[in-house]
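Here the structure is laid out as C-alpha cells; the discussion comes afterwards.
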Amino acid sequence: MKPIATTRSTSGMPTGLLAIWWVVGSEIVIFGGLLGSYIMYRLSHDAWANQAANTNTALGTLNTFVLLTSSLFAVLAHRAAESGDGKKAARLLYYTIGGAVTFVCVKAFEWSTEIAHGYTITSNTFWSFYYTAAGIHALHVIAGAIIMAIVARDAAKNMELQRVELIGIYWHFVDIVWIFLFPLLYIAK
Amino acid sequence: MIESIVPAASSYAWEIDYIFTMIFVLTGFWFLLCEVVFFWLIFKFKAKDGQPAEYITGSEPHLKRWITIPHVLVLVCDLFILTAAVKVWYDIKQYLPEPEKTVRVIGQQWAWTFVHPGPDGVLDSSDDIRTVNELHLENETVYHYQLESVDVLHDFSVPVFRLKQDAIPGRVITGWFEPTLEGEFDVQCAEMCGIGHGLMGARVFVESAEKHAAWMATQSPVALAANFPAQRIGKE
Amino acid sequence: MSEESHTNYVKIWALLVVLLAVSVLGPMLEIQIITLLTAFGIAFVKAYLVAKYFMHINMTPRFVPYLMVTCLVFMLLFVVGTAPDVYKSEGTNWKKTAEWQYMPPSPADHGGAAEHH
Amino acid sequence: MAESIPSDSPAVADDHHGHEEPSFWSKYVFSTDHKMIAMQYMFTGMAMAVIGGFMAYAFRMQLAFPGIEVPGFGIVTPANYNALVTNHGAIMIFWVAMPVLIAAFGNYLIPLMCGCDDMVFPKLNRLSYQIFLLSAVVLLSSFFVEGGGFGGAWTAYPPLSAKAEYSLTPLGSSIWLGAVALEFVAFLLGGINFITTAMNSRAPGMKLYDIPIVIWMIVIASILFLVSVGPLIAGAIMLLFDQQLGTAFFDPARGGDPVLWQHLFWFFGHPEVYVVLLPALGITAEIITVFARKKLFGYKTVLHTTIATGVLSFTVWAHHQFISGVDPRMAHVFTLTTLLISVPIAEMMFVYIATLYGGSIRLTTPMLWGLSFIAEFLIGGVTGIFLGASGADIYFHDTYFVLAHFHYTFFPIAIIGTFAGLTFWFPKMFGRMMNDRLGKIHFWGTIIPFNFIFIPLFVLGMGGQHRRIFDYSYFPELSMPWMQDIRVLATSSLLIMLGFQVVFFYNFIVSLRSGEKASKNPWKSNTLEWTADSPPPHGNWKELPTVYRGPYEYSVPGRDEDYWPQDQPN
C-alpha cells in the first residue's frame, strides 16, 4: 500500500513525474562530466580525428534511427496510457523494448567488429572514451528496457498506467544522450 | 608571525608572512567580535523567571542593520584580502623575473633529483651536476626551477622559502625563488605519493658564492673521479 | 492542447529522421563549419524537439526546465573552469610534455591486417 | 495544545500500531518505515564513526610516539598509516557525516516535519539504505585483501591511485573506489526521495516559507549533492578503468591528464562540504530557536544565504588545487569566488548569533551542542580565509593548518551536529528523555579536548608541518622537540575525548532502557514532529496535520504560552 505522502502533489506535479525529472537532472551531470572531459581531450588531440574515422557511421546512424523510432513508440504508449488503454500502451512499450534490443544487438555487432580489428578499450584514449561513453549509455538502454518490461507487464493489466509516462521520459532522455554521443563519437572526424 | 617559527629565507617570504598577518588581524577581529557578542548574548539573555523572550522577526530596520552593516563590512574586508592575495600570488606564481640560474627538480618515488647548471651556469650542458636529495644554491641569486615528476604527483615544498608547487608527471612547471639566508634547510614532499611519502625529504644548502663555487668544484667529473674512482660518475 | 500534440508525434519523428539524415550527410561536404553546424547544431535542435514534444517539458511546472538548464550550465561551468588546464597544452609557467599527444601505432596495422589475410 | 490532536490517547496509538504484529525482520531489517530506516542509517553511521575514531586513535598514537606498538592495533607501518588516514577521511565524510546528517535526520525529520506519513518512495528508501550498507561492507573489506587498504589519500589523485605499481594496493584501491561509487548511488536514490518528499508531500497549508529551516537545508544539500556528484561518478568509472583495464584517461605517459581527475573530484568535493554543512546548520537553527524561545532572526535571510552559498559552492572548487598545477591565472578567479562565498556564510552566522538577542536561553544539553556548533564553526570559517586567499595558500597548502581548518568545520558538522540533533530529537525517536547531567559531562568532555587537539595543530601547520607523513623524524625542521610535544598534546587530548564518548554510549543505552518517559512535546517546540506520539507509530499520525503558520512563532505577544505549534488553527 502506498503511503499518503506519495499521493500528494504540493509542487503541482505527480510525485513520480517529479522524481523522474530529478533522475534526469542527476543523469545530465553524469554524462555532462564524461562528455565534457571527452570534448576537452578531443579538442586538444588532433590525431583523434583519424581514430574516429574508424568508427562505423552507418551503424551509428542506424542506431540513432532505431532509438528515435523507439522514442516515438514510447510517446505513443504514453498517449495510449493517458486515454486509459493499457493494452495498447503495453504493446507500444514492447515495440520500444524491441528498439532497445535492436540497438544493443547492433552495438554488439559493431563492437565485436571493432575489437576484432584491434580497436579495444586500451588501444588509445579515444577508444577508451568511445567504449566508456557508449558503454554507460548502453547500460542505460538495457536498464531502461528491463524497467520498461516491468511497466508494460503491469500496464497490460491496466495497473500503474502513470508509469508509462515516467519510463517514457527516462527513455527520451537516453535518446537525447545518444543524439549527442552520435556526432561526438561518429560524425566529427 | 610565521617567521617567528620558521625562518624566512627567500626574497618573497615576507610577502607570505605579511598576507598571513593581515588575514590574521582581519579575521581575528571578526572572530573575536562574533565570539564576544555571542557569549555576551548567552549570559545576558539566560532564561529568568517571569521574563519572557521578545518577539523579533528580524525585519525590524533598527535591528536588521546589525546584520546588514557587518555584512557589508565583511565584504570590504574580503576586498582587502583579495587584493593582497592576488598581488602575492602574482609575484610568486605568475610573474617570472629574469633568472640568473636555472635548476631542474625531478620528483620520483621517493627521492628528489636536482640538476644544477654547473660552473657554466647553463642547464642541459655537459657540466651539469646531478644530485639526489641535495640542492645547492647560491645565496641572493634569482633561480628558476623546472619541476618535473617521473611517476606520480609530488610537491616541491621548501617551507623556509615559502615555496610550494606540485610536480605533475607529463608537465614541466616553472617557478622562481631567490634565497636570502645562508644555511641548510628542509625540502619536503607535500603531496601524497605513496608508501614512502613520509621519507621523501631532501636538504637545500644555501651557500655564499665562494662556498658554492667550492662545492661545484668537488662535483666536477675530475674531482668525482679522483674521490670515487670505482663508482660511476653521477652524471649522464 | 493534448489533442494537438497527439497528431504531431509522427510528424516530429519524421522531422527528427530528416534532421538525422542532414547531420549524417552534412559532414560529407568536408567543410569544417558545416560539419560543426550540422553535427552539433542539429544535435541541439533534435534534443530540443525530443525534450519539448516527447518529454513535454514545457507542460511541467516552470522549475523543471530551469533545473535541467541549471544542470547544463553547471557542466558548462565545469568545462570552462577545467579547460585552461586540461584542454590547453601549455599555460602560464607550465607546459605539457610531448607525451600529451601520445598516440600508439594504429591497431589496424596489426590486427586489421591479420584479419584480412 | 498538544492535547487537541485527535490521535492523542495512547490507546488509539496502540490500536493503530497493534493490529498486526510485524516480525523482527520486517520491523527492524526490511522495514520501509522512514523512522526505522533513519535509525538504521544512524546506527550504521555511529558504528562507522567508532571505526573511523579508532583509526584516528591508531595514527595519532603513531604520530605522538613514532614506532610504538599501538595498543589494540600494533605497529603502524607506512602502508598502514596511509591506509588509515585515507580511510579515516573517507569514512568520516562519506560513511558518517552523510548517512547521519542527511540520511538519518533527513529520513526521520522530512516526513515528520512536513506532516506526512512516510517518504514518498518507501521501497526506494529501503533500497538506498541497503546499497549504503553494502558500500560500507565493501569499504571495510578492502582492508583484508591482498595489498591492504587503499592509501592514496581520500582525494585519490592519479597516477598514484591509478596504477598498482605506484600505490602497491592492487585490489584495495579499486574496492575503495567501488565502495565510494556505491555510496554515491545510495545517496542519489536517497536524495531524490528527500527532495521529492519535501517538494510534493507537505501538509496542507504548509507554504514554502513555513518549512522548517532544517528541511530546507537537507533538501538543498541533497540538490547540491545530486547536481555535483555526476562528474565524479563519471571520473570514478574512468579511474576504475584505468586501474583495472589499463586505459589511460589519467595516465600522463599515454596522453592522459591527471589534473582532470582533480577537477572532477573537487567539482564534487567542494559542494560536498556544503552538503554536510547545511543539515548541521539546519539542526542548529531548530535548536537555538526552541531553547532561546525566539523566532529565527530573518527566516528569509537564512534561506537566501543558503541558496546563495549553494550556488556559489559550484564556482570555488579549484581553490583546492591552487598549487596542484592549475594555471596561475585561474587562481585569481577562484580566490575571488572563494572570498565571495564567505559573505553569505558569515551573514548566516550573524543571523544565528542575532537570534539569541532578546531570547530566554535555556542551556540544556542540546542547546549546549547547538551553541558550541556556532562557536566552533566560526574558527573553521575564519581559518578558511587563509586557505582561500591564493597568496597565503602557497604556504599553507597541504599543511596541518589545512587539516586543523577542515577538522574545525567537519567536527562541528559531523560530531557536534549529530550530538545536537540526537540529544534534541532523542525523546521523539525513542520516547524517553536523555539524562541531562551525563549529557553535559559528555558535552564538556568532548568540546574541551577537541579544542586541545586541533588548536595545537594550527601551530604545527604554521610551522610548515605537512600532512600524511607517518613519522616526522626524517625531516629535521619538523622533528624539533617543541613540535613533538605538541603532537603528544594533541594525541593525549584525542584519547581524553575518545574516552568521554563512553559516557555518551552509557547515557544512550541507559536512557533508552530506563530514561524518564517523554511527553509528546518535551521542549515545547512548534514544529510538526512534536505533535506526533513519542515515538511516532507507523504512519506517524492517525490524522495527518494541517499547517497554519511558520515554524518559529515563539513568544508571540498576547498568547498564554510562549510557543504556537504549526498545526494549531489559533
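Computed from a predicted model, the values in this text were never measured in an experiment. Every chain is numbered from 1, with letters handed out A, B, ... down the list of sequences.
Contact annotation for residues 172-206 of chain B against chain C (heavy-atom separation below 4.5 Å, listed by residue number): V172(B), I173(B), T174(B).
Within the model, atoms CH2 of W94(C) and CD1 of I168(B) stand 8.5 Å from one another, a figure rounded to the nearest 0.5 Å. To the nearest 0.5 angstrom, K95(C) atom NZ is 7.5 Å from Q146(B) atom CD.
Applying the 6.0 Å contact sphere to OH of Y143(B) captures more than 12 heavy atoms from other residues, nucleotides or ligands. Y18(B) OH: 12 or fewer foreign heavy atoms inside a 6.0 Å radius. Within a 6.0 Å radius of NZ in K211(B), no more than 12 heavy atoms belonging to other residues, nucleotides or ligands are found. Within a 6.0 Å radius of CD in E60(B), more than 12 heavy atoms belonging to other residues, nucleotides or ligands are found.
Judged purely by atom type and a 3.5 angstrom limit, N93(C) uses its side chain to pair as donor or acceptor with the backbone of K93(B).
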